[in-house]
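The structure appears right after this line, and notes come after that.
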Amino acid sequence: MTSPSGVPRFPDSFVWGAATSAFQIEGSLDADGAGPSDWSRFAAEPGRIRNGSTADPGCDHYRRWREDVDLLDWMGVNAYRLSLAWSRIQPQGTGAPNPRGLDFYSRLVDALLERGIEPFVTLHHWDLPAPLADAGGWRNATLPGRFADYARIVFRALGDRVTWWSTINEPWVIAYAGWIGGVHPPALREPASYPWVAHHLSLAHGEAVRAFRAEREGRIGPVVNIEPKYPASDSPEDVAATARVDATMNRLFLDPMLLGRYPRILRETYPGGWPDFPAAELETIRAPVDFVAVNYYTRAVVRADPAGLVGEAAVPVEGAAHTDMGWEIFPEGLTRTLEDLTARYGRVPLYITENGAALREPESLNGNGLEDPERIAYLRSHLGAIRRAMDHGADVRGYFVWSLLDNFEWALGTEKRFGLVHVDFTTGRRTPKASARFYRDVIGRTTD
Ligand code: FCB
């Protein structure tokens, strides 16, 4: 059941990892001088989180991190993707660093390196210090500068040991879910703010990349979620709506970061208009990066519909298999994503920094841990999809499963289980699932 057979071979230098993020696993939200974040406040508001789940203690990683490093070591990964909580490091979002917050990450980085596990550190994975959120969050033009200040503190504290950095996780989700969808903080529905929020996120990325070059040697890049868009029919209306929504999501960050401009179709069709941002800012956004990190889960099928933000609607795919998130399982979309990125932006090094499946799982554990053959099938098919893209010329260097642990899935709470390792949220007990053993075998195999 857990045999890696069916997974193609990858180069010896391939990076094999698992991913988490600070707010989703740490708990102990106000420990050691940490300040509140927009997410800690949002999660405490009644009715915001499905089933009233809480992020504290959540997986309790802040206290159990040694156990989690042991799990990574057992799994045989050579890399671990984590994020830092800005509000542990600058409790007010500005000003002097909190040494106790930095110490936590410093110890974790040392423990990973001792086991030969390379930390891939994401500076910001959505949990914004509350005072910055109160000042208008990413709509506020001072945020990019604040972010660069924070990044500089981190590079100085950890950059002697951490080589691999990414700036902001999935800026599209921050901008869309927070400012249009209204389901993440600040829970607004303001399409007119969207271009500004997106622009400030990109500028923050660019300023942090520049700060990095001034401080350290190493590798840095953005992390974007790509959801390839397929027209529901070949009617000109559906095809045009698909191109618009593709620009609004998939090209919104990478075009300015890698090409130095916003997609023209966005400037022509975004409702209310797309601001003319200064050329000097676009130059900052285009600061050269070392790689692009891609999070991939699913695709979208699109038809024209005047009710949508850019005149689009997503069409459910009847008869297809879906995960517990309601996301269609579509590995071909990952091949296409990697090929499209290579065609559009050139042969840039690519890392898949998230890919995985939430599955409904029985709460009871048997002697062997949980059996999760659907997750194994998901991982196997997506690894095959990556290999195909590589055979067609995409320069993919690594893969991280989302997630190491069952964790706090944002507004959906702890019900959505993405982990290779099961977490009992009452006791904190961790139990590797069959998929963890499968992944261990894939990483560790010497022959096939
Ligand atoms: C991504 C997020 C990650 C997790 C997965 C399921 O959008 O980056 O934190 O929630 O989805």
Side-chain angles (χ1 to χ4, degrees), residues 17-27 37-40 42-43 48-50 53 55 58-59 61 80-86 120-128 138 166-181 183-185 198 201 205 221-228 249-250 252-253 292-300 314 322-330 333-334 337 351-361 372 374-375 378-379 382 399-421 423 435:
T20 61
S21 87
F23 189 76
Q24 291 177 277
I25 65 164
E26 287 177 355
S37 72
D38 59 348
W39 265 100
S40 67
F42 185 76
R48 291 295 195 187
I49 310 297
R50 175 133 5 138
S53 306
C59 298
H61 170 80
Y80 171 54
R81 176 173 179 243
L82 66 141
S83 79
L84 311 180
W86 185 345
F120 275 58
V121 175
T122 302
L123 290 168
H124 182 63
H125 195 128
W126 303 359
D127 45 343
L128 186 69
W138 290 105
S166 52
T167 48
I168 298 176
N169 179 71
E170 300 188 357
W172 178 80
V173 174
I174 297 176
Y176 193 89
W179 298 79
I180 291 184
V183 292
H184 287 182
L201 286 161
H205 156 87
V223 187
V224 289
N225 55 310
I226 302 287
E227 190 184 88
M249 178 181 185
N250 296 326
L252 176 57
F253 297 94
V292 169
V294 177
N295 298 346
Y296 176 85
Y297 290 94
T298 191
R299 68 158 167 177
H322 292 77
T323 68
D324 195 28
M325 296 292 277
W327 295 343
E328 184 192 357
I329 300 174
F330 192 69
L334 179 51
T337 291
Y351 290 82
I352 314 300
T353 41
E354 287 183 28
N355 176 241
L359 298 172
R360 215 174 291 271
E361 286 164 4
D372 54 350
E374 298 95 336
R375 180 171 289 105
Y378 184 100
L379 298 178
H382 285 78
Y399 177 78
F400 293 76
V401 176
W402 184 270
S403 180
L404 173 66
L405 304 170
D406 288 338
N407 61 47
F408 182 81
E409 180 47 34
W410 306 109
L412 302 177
T414 49
E415 184 190 282
K416 301 295 175 196
R417 291 180 176 269
F418 273 96
L420 295 169
V421 175
V423 175
S435 56

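Hydrogens, waters and symmetry mates are skipped; everything else that's a heavy atom, side chains included, is used. One-based numbering, in listed order, for ligands and for the atoms of each. Quantities reported herein were computed from a predicted structural model and do not represent experimental measurements.
- The only option from Asn225, Ile352, Val173 that meets the side chain to side chain contact (heavy atoms under 4.5 Å, CB included) definition with Asn295 turns out to be Asn225.
- Below 3.5 Å of separation, one finds an N or O of Trp410 facing an N or O of ligand 1.
- Atom numbering of ligand 1 starts at 1 in the shown order; those under 4.0 Å from a heavy atom of Asn169 are 8 (O).
- When each of Phe23, Trp138, Trp126 is checked for a ring pair (Phe, Tyr, Trp, His ring centres under 6.0 Å) with His184, only Trp126 meets the rule.
- For atom 4 (C) of ligand 1, the nearest non-hydrogen atom from the set Glu227, Glu409, His125, Glu170 belongs to Glu409.
- Near Trp402, meaning under 4.0 Å from any of its heavy atoms, are these atoms of ligand 1: 3 (C), 4 (C), 5 (C), 6 (C), 9 (O).
- Heavy atoms of Asn225 come nearer than 4.0 angstrom to ligand 1 in no pair at all.
- In the vicinity of Phe418, heavy-atom distances shorter than 4.0 Å reach the ligand 1 atoms 6 (C).
- When hydrogens are left out, the protein atom nearest atom 5 (C) of ligand 1 is Tyr297 OH, 3.3 Å; that is the closest non-hydrogen contact.
- Residues His124 and Trp86 bring their aromatic ring centres within 6.0 Å.
- At under 3.5 Å, a nitrogen or oxygen of Gln24, whether backbone or side chain, sits near a nitrogen or oxygen of ligand 1.
- Listed here is the closest heavy atom pair of His382 and Leu334: O-CD2, 3.8 Å.
- For Arg81 and Phe400, the positive end is not near the middle of the six-membered ring at less than 6.0 Å and at most 45° from its axis.
- Val401 is listed as a side-chain neighbour of Leu379, based on a closest heavy-atom distance under 4.5 Å.
- Looking from atom 3 (C) of ligand 1 to the surrounding protein, the closest heavy atom is Glu354 OE1, 3.3 Å.
- A salt bridge links Arg50 with Glu415: the closest approach of a Lys/Arg side-chain nitrogen to an acidic carboxylate oxygen falls below 4.0 angstrom.
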